[in-house]
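For clarity, every value in this text was computed on a predicted model and none was experimentally measured.
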Amino acid sequence: ERAALHALQKHLAYRHKYEAAISAARARLPPDMEDFSVDVLTPGIFQEHMKMLQLPGRVGSVQGFPVSLLPLGLVRLQEMTAIPEAEIVAWFILSVEMRSLCLHNQSVRERRFVKVVEVRDCQGFEWSKLLSSRALARKLRSIIEVATQYPEFLDGLLMFNIEPGLLSVKLVKRFVPEQMRDKFVFADRGDWRTACAGHVGLSTSALARWAAHIQQHVATPGEGRWHSLTPSCPQLVRCVEVAKGEQFCWQVRCCSRGDRAAANGVVRVSVRFIADRRVDPSATAEEELPVEG
């Protein structure tokens with residue numbers, strides 16, 4: 001009872017502290033809103049620097065919950081540092097209040113307690129820049145302070161595409177409030193079983209939309225639809241939704257650009273067949289292709 005009373009006191013203090021921001025946020029949201037919309041989140045500079053992907057429950061997690069996906073490798077940390085902390089907090093309050101309304105309306109319609117699945121694609125993200133910046137760390141703590149006031153919204157937070165053996169992940173865990181740690185799921189690069197078949201896994205529809213979102217933003221300049229592998233982006237994913245009897249294909253071009261180390265390398269191409277809540281390891285094909293100089 002004391003813990004519950006303490007939590008209530010903290011929440012009331014939070015709502016009193018940010019009363020103006022919460023009221024302003026609620027005034028902008030249609031009462032029947034169910035699908036989270038980045039268009040409501042202004043200024044647009046945040047979406048420009050973060051490249052978020054918001055998916056409704058019908059194409060979200062394996063449980064039919066909405067997904068909020070942020071490709072960390074596309075976040076412009078330097079530009080985010082220049083944004084005043086108060087502006088970031090106000091933007092985040094608008095975000096969680098919108099999420100509160102959307103989850104409530106979906107819960108009422110579906111007659112169940114709907115939560116959100118937060119997903120972070122960690123490929124290409126430079127953790128050292130985040131951990132070494134005091135300004136970013138301070139802003140992150142302010143965001144976490146607000147997020148802890150809405151613990152019932154979060155079904156889980158999936159962090160996938162993590163570089164295997166990355167020590168920075170241990171440091172990141174220190175930022176996570178103790179009461180939320182059991183909701184965090186970590187998946188190394190290539191661990192599709194955790195990313196797609198766990199309780200906070202992405203549905204096949206969400207996986208396809210994530211791959212298309214990444215493809216849209218990481219195309220190599222001057223190369224059209226071709227994307228290049230780099231040390232910070234050692235993996236590229238294409239996802240195609242297929243039904244029984246359908247066929248699909250894609251092209252892989254293995255060549256280097258004068259890099260002797262790359263010219264002696266090997267590109268591993270693998271195909272995995274995934275159904276919602278199931279990654280079949282037996283339905284996997286792999287081939288290694290030499291890189292041509």
Side-chain angles (χ1 to χ4, degrees), residues 3 6-29 36-38 40-54 68-103 115-122 125-159 168-184 186:
H6 180 65
L8 177 59
Q9 290 173 335
K10 285 187 63 177
H11 188 72
L12 291 175
Y14 155 76
R15 298 195 76 84
H16 176 73
K17 179 179 178 180
Y18 295 108
E19 180 179 4
I22 294 173
S23 298
R26 283 288 178 167
R28 297 176 55 184
L29 304 174
F36 190 98
S37 173
V38 294
V40 178
L41 295 176
T42 53
I45 188 173
F46 286 101
Q47 178 64 2
E48 179 183 343
H49 295 335
M50 298 176 69
K51 310 298 183 188
M52 293 184 296
L53 176 64
Q54 300 293 336
S68 177
L69 195 154
L70 178 61
L72 295 180
L74 300 180
V75 175
R76 300 175 181 175
L77 290 178
Q78 192 63 38
E79 286 81 353
M80 294 296 291
T81 304
I83 301 176
E85 182 177 343
E87 192 172 323
I88 290 180
V89 171
W91 168 84
F92 188 69
I93 287 175
L94 172 59
S95 176
V96 292
E97 286 295 321
M98 188 192 331
R99 181 66 69 188
S100 171
L101 180 62
C102 292
L103 292 178
K115 301 182 180 182
V116 64
V117 175
E118 293 284 346
V119 180
R120 302 294 179 264
D121 177 2
C122 300
F125 185 63
E126 298 183 68
W127 293 96
S128 58
K129 289 186 176 181
L130 173 64
L131 298 173
S132 63
S133 172
R134 292 184 178 180
L136 286 174
R138 184 175 62 252
K139 293 171 182 178
L140 181 60
R141 281 193 291 268
S142 296
I143 289 176
I144 292 176
E145 178 187 358
V146 173
T148 54
Q149 301 305 314
Y150 303 82
E152 70 279 7
F153 291 178
L154 184 65
D155 185 52
L157 192 151
L158 170 65
M159 301 186 72
S168 299
V169 173
K170 295 181 180 179
L171 299 176
V172 170
K173 291 180 180 180
R174 296 180 183 179
F175 283 95
V176 182
E178 185 175 353
Q179 66 269 32
M180 298 178 69
R181 288 177 186 171
D182 61 342
K183 295 188 177 184
F184 276 58
F186 296 88

Scanning both residues in full, the closest heavy-atom pair of R76 with K51 reads NH2-NZ, 4.2 Å
In short, Q54 meets S68 closest at the heavy-atom pair NE2-OG, 3.0 Å
Q) Would you call E118-K183 a salt bridge at under 4.0 Å N-O? A) no
d(I93 CD1, I88 CD1) to nearest 0.5 Å is 12.5 Å
dist L77:CG -> M50:CE (nearest 0.5 Å) comes out at 10.0 Å
On a heavy-atom basis, the closest approach of A24 and R28 is O-CG, 3.4 Å
For S100 and F153, the nearest pair of non-hydrogen atoms, with its separation, is CB-CZ, 3.2 Å
| Is there a side-chain contact between F186 and C122, using heavy atoms and a 4.5 Å cut-off? | no
dist R26:CZ -> M98:CE (nearest 0.5 Å) comes out at 10.5 Å
Rounding to 0.5 Å, atoms NE2 (H6) and CG (L8) come to a distance of 11.0 Å
Only one of R134, R141, R138 passes salt bridge (Lys or Arg N to Asp or Glu O under 4.0 Å) with E85, and that residue is R138
Is it the case that more than 12 heavy atoms not belonging to Q78 sit under 6.0 Å from its CD atom? no
Just by modelled atom types, is the I144 backbone N or O under 3.5 Å from a matching donor or acceptor in the T148 side chain?
yes
For L94 and V40, the nearest pair of non-hydrogen atoms, with its separation, is CD2-O, 3.7 Å
| query | Any side-chain heavy-atom pair from V116 and F36 closer than 4.5 angstrom? | reply | no
Any heavy-atom pair between the side chains of V117 and K115 that's under 4.5 Å?
no
dist F125:CZ -> L74:CG (nearest 0.5 Å) comes out at 11.0 Å
Is E152 atom CD crowded by more than 12 heavy atoms from other residues, nucleotides or ligands, each under 6.0 Å away? yes
CG of L72 to CD of E126, rounded to nearest 0.5 Å, is 12.0 Å
- Task: Check step by step if side chain to side chain contact (heavy atoms under 4.5 Å, CB included) holds for I83 and W91.
- Result: CA-CA 11 Å; I83 301 176; W91 168 84; over 6 Å; no
In terms of heavy-atom contacts, Y14 and I22 come closest through CE2-CD1, 4.0 Å
